[in-house]
Amino acid sequence: MALRPFTFAIIATLGLAACGDTVTEQALIGGAVGAGAGAVVGGSVLTGVAIGVGANVLYCEVANNDC
């Protein structure tokens, strides 16, 4: 059980560190990472997708000028 939060942190870090070239790619990457994170922690996969899409697009479009 102690491995679950660590696994979630690794998935979130790797996924959110990857920006796509277009908003569609950013949404797909964020959604995939969110779905994986939701499944790992035993939460809702759909909620994970929604949060992942929003977070990755927001990060890549607003906060990260290096994409």
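Every heavy atom of this structure was used, including side-chain atoms; hydrogens, water molecules and symmetry mates were not. Sequence positions, counted from 1, serve as the residue numbers for this chain.
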Practice prompt. Could you note down all residue pairs passing side-chain hydrogen bond (donor to acceptor under 3.5 Å, both in side chains) where residues 31-40 supplies at least one of them, sequence neighbours left out?
Written response: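 Those involving residues 31-40 do not exist here.
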
Practice prompt. Indicate the atoms forming the closest heavy-atom contact of Val49 with Ala35, along with that distance.
Written response: CG2-CB, 3.6 Å

Item to complete: Apply the side-chain contact (heavy atoms from CB on, under 4.5 Å) test between Asn56 and each candidate in Glu61, Gln26, Glu25; give the one that qualifies.
Response: Gln26

Below 3.5 Å, can you tabulate the donor-acceptor pairs from side chains in residues 37-44 to any protein atom, sequence neighbours excluded?
from, atom 1, to, atom 2, distance (Å)
Ser44, OG, Leu46, N, 3.4
Ser44, OG, Thr47, N, 3.2
Ser44, OG, Thr47, OG1, 3.2

